[in-house]
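Notes for the one structure printed next.
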Amino acid sequence: MREIPWKLENPVKITEAEMAALEAQYGFRLPEDLRQFCLRHNGGLLPAGSKLNPEDCCLTDFLSIGHPVLERLPTMDRLLEWQKMDGFIPMNLIPFCNDEAGDSYYIRVDEAGYGKAYYIFSEFLDDFLSDPEGEGYVAGSFTEFLEMIHFPETPET
């Protein structure tokens, strides 16, 4: 799996039991590539200027589970809790990454699109829900998503 030049990697890792508890609570199993990434890193801040190709909006962070990277950042489990309460985003979409505009990337965990990555631009949620393959599809897998990220040439100081 691709190495990430973290600005700040979460020092608190999660266990297999914590991962399994999250999956059981919401009735899904993360695709194995994302699952292993979460177990290995448990989220972190990306270097400024990290972008998807051809997406121009900068990625800011990968979500952690249970233990926030920074207190101001929500965790995957917190976002899933809100998602379940408000009902706007279907529970077959699991958030895993944020961008500088405050929008999120999701991995699909239902049979029809298992493992595909999507971007949901909050102002166009209805458009996405009516045509996710046309309005928000980003990558065929989490691994493919990682390969699409362009990191800045020079590290931050």
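A donor-acceptor pair under 3.5 Å is formed between the side chain of K13 and the backbone N or O of H41. Side-chain atoms of D99 do not come within 3.5 Å of backbone N or O of S104 as any donor-acceptor pair. Here the side chain of Q83 pairs a donor or acceptor atom with the backbone of L93 at under 3.5 angstrom. Not a single donor-acceptor pair under 3.5 Å links the side chain of D61 to the backbone N or O of N98.
Ring geometry for Y118 against Y137 counts as perpendicular: the plane angle is over 60°, on a 0 to 90° scale with 30° as the lower cut. The aromatic rings of F145 and F62 sit perpendicular to each other, their planes meeting at more than 60°, with 30° as the lower class boundary.
By the 6.0 Å contact criterion, CD on E111 is open, its count of non-hydrogen atoms from other residues, nucleotides or ligands being 12 or less. The number of heavy atoms from other shown groups lying within 6.0 Å of CZ (R35) is above 12.
For the atom pair F151 CZ and K51 NZ, the distance stands at 13.5 Å (nearest 0.5 Å). Once rounded to the nearest 0.5 Å, the distance linking CZ of F37 with OG1 of T143 reads 10.0 Å. Distance OG/S141 to CG/L34: 10.0 Å, rounded to 0.5 Å. Atom CG of L79 is separated from atom CD1 of I65 by 11.5 Å, given to the nearest 0.5 angstrom. Here the OH-CD1 distance, from Y106 to I94, works out to 9.5 Å after rounding to the nearest 0.5 Å. Interatomic distance, CG of L52 versus CG of L59, reported as 4.5 Å (0.5 Å rounding).
Across every non-hydrogen atom of L146 and R2, the tightest pair is O-NH1, 2.5 Å. Across every non-hydrogen atom of P47 and S50, the tightest pair is O-OG, 2.7 Å. Between L30 and C38, the shortest heavy-atom distance links the atoms CD1-SG, 4.4 Å. Annotation for C57 and E100: closest pair SG-CG, 3.4 Å, computed over non-hydrogen atoms. S64 and N10 get closest at one heavy-atom pair: CB-ND2, 3.4 Å. Closest non-hydrogen pair, R29 versus V109, comes out as O-CG1, 3.9 Å.
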### Task
Give the C-alpha distance, both sets of side-chain angles, the deciding distance and a yes or no for side chain to side chain contact (heavy atoms under 4.5 Å, CB included) between L80 and F28.
CA-CA 12 Å; L80 286 169; F28 66 83; 4.0 Å; yes

### Task
Please lay out, stage by stage, how E9 and R40 fare under the test salt bridge (Lys or Arg N to Asp or Glu O under 4.0 Å).
CA-CA 10 Å; E9 184 176 355; R40 182 174 178 198; over 6 Å; no

### Query
Run the side chain to side chain contact (heavy atoms under 4.5 Å, CB included) check on T75 and L63 step by step: do they pass?
CA-CA 6 Å; T75 59; L63 296 172; over 6 Å; no

### Query
Between E81 and Y26, is a side chain to side chain contact (heavy atoms under 4.5 Å, CB included) present by the stated rule, with each step listed?
CA-CA 9 Å; E81 179 183 322; Y26 293 102; 3.6 Å; yes

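Partners of E144 by salt bridge (charged side-chain N to carboxylate O under 4.0 Å, His left out), not counting sequence neighbours: none found.
In this structure, W6 is not a member of the same hydrophobic cluster as V12, with clusters built from ILVMFWY side-chain heavy atoms closer than 4.5 Å.
Chaining together hydrophobic side chains whose heavy atoms lie under 4.5 Å apart places L8 alongside L45, V69, L70, L73.
Residues L46 and T60 form no side-chain contact, since every pair of their non-hydrogen atoms from C-beta on lies 4.5 Å or further apart. Counting heavy atoms from C-beta on, the side chains of M148 and V138 come closer than 4.5 Å. Proximity of K116 to I107: side-chain heavy atoms (C-beta onward) are nowhere separated by under 4.5 Å. Residues E18 and H67 meet the side-chain proximity criterion, which asks for heavy atoms closer than 4.5 Å.
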